[in-house]
Engineer: 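Mind having a look at this structure? Questions to follow.
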Number of protein chains: 2
Amino acid sequence: MTVRRMDVARLAGTSPAVVSYVLNGGPRPVSAQTRARVLAAVEQLGYRPNGIARSLRMSRTMTLGLVIPDNANPFFAELARAIEEESFAQGYTLLIGNAAENDERQTAYVRTFLARQVDGLFIVPAHGPAGFLGELDRARTPWICLDRQVPGAAAPGVLVDNRGGAYTATRHLLDHGRRRIACIGGPEDVMPATDRVSGWRDALDEEGISRRAMSVTHSSFGRRGGYGAARELLAGPQRPDAIFVASDEQAVGVLRAIAEARLRCPDDVAVASFDGIPGAAYTTPALTTMAQPFAALGRAAVAHLLAQPAGPTDVLPVALVKRGSCGCPDPPGGDLTGEGAPA
Amino acid sequence: MTVRRMDVARLAGTSPAVVSYVLNGGPRPVSAQTRARVLAAVEQLGYRPNGIARSLRMSRTMTLGLVIPDNANPFFAELARAIEEESFAQGYTLLIGNAAENDERQTAYVRTFLARQVDGLFIVPAHGPAGFLGELDRARTPWICLDRQVPGAAAPGVLVDNRGGAYTATRHLLDHGRRRIACIGGPEDVMPATDRVSGWRDALDEEGISRRAMSVTHSSFGRRGGYGAARELLAGPQRPDAIFVASDEQAVGVLRAIAEARLRCPDDVAVASFDGIPGAAYTTPALTTMAQPFAALGRAAVAHLLAQPAGPTDVLPVALVKRGSCGCPDPPGGDLTGEGAPA
DNA sequence: TTGTAAGCGTTATCAT
DNA sequence: ATGATAACGCTTACAA
């Protein structure tokens, strides 16, 4: 059908194996003369090795899989980007599956990725049931969790310091003199969000602020969730003078709600959030946020997955990025952080 | 090594071929009894067919490849999302390669995707040289261009009505009574941007506005490019009362520049842009934009790629979405358009 | 209705 | 240094 390795061998007047040795640089030496003839034949015929056949033979595909809950969410998109970057650097192609917050799709992706014999699997478990675990337990494929841990399984993962980061952000709001600091968290039981709520609480506890004065609102992730939660919060009896928001994406909605309520940020209500997505640098005012180390996360994730045997769960630090929403001076033109490349 | 089809056959007391017939529902019928035994054996052994071997045999991988110039750009991210969605619906897995605006990476991705025997390839050609063409000409793999056309090759593609859309947006600005409508385009020679500049010019021509009064600034795509271009424009001698911006992403930067110049949008300077990315609904004010039909683009792209023989280039319409930046009432809480799902 | 066997294109292990 | 040949795991045509 297409041009096969044997065709090249024939044209070069040698055997198929030698063609492989030339193309793969081993494992056996080839005389310079034959090598030249082979290369010429490859060029002439436009021969391209069939990676599928190679994978079958080698039982390695040089492919990794990543399943994320929702690629419309900039945080996951950025995480995927970082992992793709590092995978590419390591010679792997990355398969990305978008579960769209749907356990069936999540499981379907794990299944097809496994069927495609990926060499490893990254999973950011969607909120809710984890049917994919059933697919994984029989398989020999290594896999790790990212961003969150899945309740049942004891798979290692790569996480960030959610609690400590939230503490730092809230502490910074306190340092700006804010005292009535509300919290807009994620859905009730989603892991990174609950840890962030804990960090916020730690900071207020330390300051001796009574728990009764601590307002926590649970909202879905996403701009809309943040918008809705903030609307209620701002219309309530005890208007906060600051809000710690569990994600940048929600914070974008919060900013919008503040503007619609004819309040000013940061003057009336200061805001600090979490994630450090690129878009956080270009809101008005720009968002003060705990930036996740995306590039480092990508490197850690790939290294962790490929490591044999797998090490314990990695916890990476997050960094406070001060911009206008907390009351710090708003850097002009957004800052360089997270600037998208031209296109 | 792992559990093979033959192991299942042995346990079920039948032949390997029958196992295939059961699992693939054909091509030959299997008695209900044997079918049950096979299924039980599959379940008991946790057998999962090896997709690589299957692909090799079938010379079909049920995989499509997509190469985009820059996945940090929300427009391409959204396009990728739409294509992934439709590919998944059609039973295909999508391989996404991020060229990072680098022709070498672009070519590398085309090469590896071809080596992996993808059944088809979508390419959004990066600005600049197109080394990937060399990889493609020998290959039998079908491929199409998206968003832009590549100068050399005569590959069909799926595009949108850039010129007409830009005309509509500019016309809308004129209808708001604006007359000094500047244009912030993309890099000099990038196709969709030049067409959009043409559409803007069409509208002003029609209105009888002299070409000398038409200010066009070329900037890189991305927020930073838009920000920089707008800064200069607003500091210039003849401040425009409206700006047509070639992409939403640039428009975000433009909005920021307007705010920093202590001007108000839309009162002092109205803005309309192009693409309809989700983020455009959550700026302050929200962006009036020509929305690309992402879902339809995804469907058209997949259908086009899989169609044999390939049809002519598709051109899809774009739709004016009126929000606050042009002077129309700003819908509260952003509108539903492009709302990210929770995560 | 079921068993057998020939490939798919590669790599690696034999001999030579 | 090189030429045959046996897998890798699957699908399907053909024989029984």
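The basis for the numbers below is simple: all heavy atoms, side chains too, and nothing from hydrogens, waters or symmetry mates. All chains are named by letter (A, B, ...) in the order of the sequence lines, taking the proteins before the strands, and each is independently numbered beginning at 1. Being a predicted model, the structure only gives us computed values, none of them experimental.
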Engineer: Under the side chain to side chain contact (heavy atoms under 4.5 Å, CB included) rule, what do A:D147 and A:M191 come out as? Steps first, then yes or no, please.
Structural biologist: CA-CA 9 Å; A:D147 187 55; A:M191 187 202 127; over 6 Å; no
Engineer: Take B:L297 and B:D314 through the test side chain to side chain contact (heavy atoms under 4.5 Å, CB included) and record every step on the way to the result.
Structural biologist: CA-CA 9 Å; B:L297 280 171; B:D314 254 346; over 6 Å; no
Engineer: Which nucleotide in the list C:dG9, D:dG9, C:dG3 gets nearest to the side chain of A:A53?
Structural biologist: C:dG9
Engineer: Specify the separation, in whole Å, of atom CE of A:M58 and atom P of D:dA6.
Structural biologist: 21 Å
Engineer: In whole angstroms, how far is the C1' atom of C:dC8 from the CZ atom of A:R48?
Structural biologist: 20 Å
Engineer: Atom CZ of B:R57 to atom P of C:dG9: distance rounded to whole Å?
Structural biologist: 10 Å
Engineer: Salt bridge check, A:E135 against B:R48: does any charged N sit closer than 4.0 Å to a carboxylate O?
Structural biologist: yes
Engineer: What integer distance in Å separates B:R60:CZ from D:dG9:P?
Structural biologist: 24 Å
Engineer: Can you tell which of D:dC10, D:dC8, C:dA12 lies closest to the side chain of A:L56?
Structural biologist: D:dC8
Engineer: Whole angstrom is fine here: how far is it from CD in B:Q117 over to P in D:dC10?
Structural biologist: 19 Å
Engineer: Any side-chain N or O of A:Y47 less than 4.0 Å from the OP1 or OP2 oxygen of C:dT10?
Structural biologist: yes
Engineer: On the 0 to 90° scale, with breaks at 30° and 60°, tag the A:F75-A:F294 ring pair as parallel, tilted or perpendicular.
Structural biologist: tilted
Engineer: Could you check whether B:T14 gets within reach of a base, just the sugar-phosphate, or nothing at all, counting any heavy atom under 4.0 Å?
Structural biologist: sugar-phosphate
Engineer: Let me know the distance between CZ of B:R116 and C1' of C:dT10, rounded to the nearest Å.
Structural biologist: 15 Å
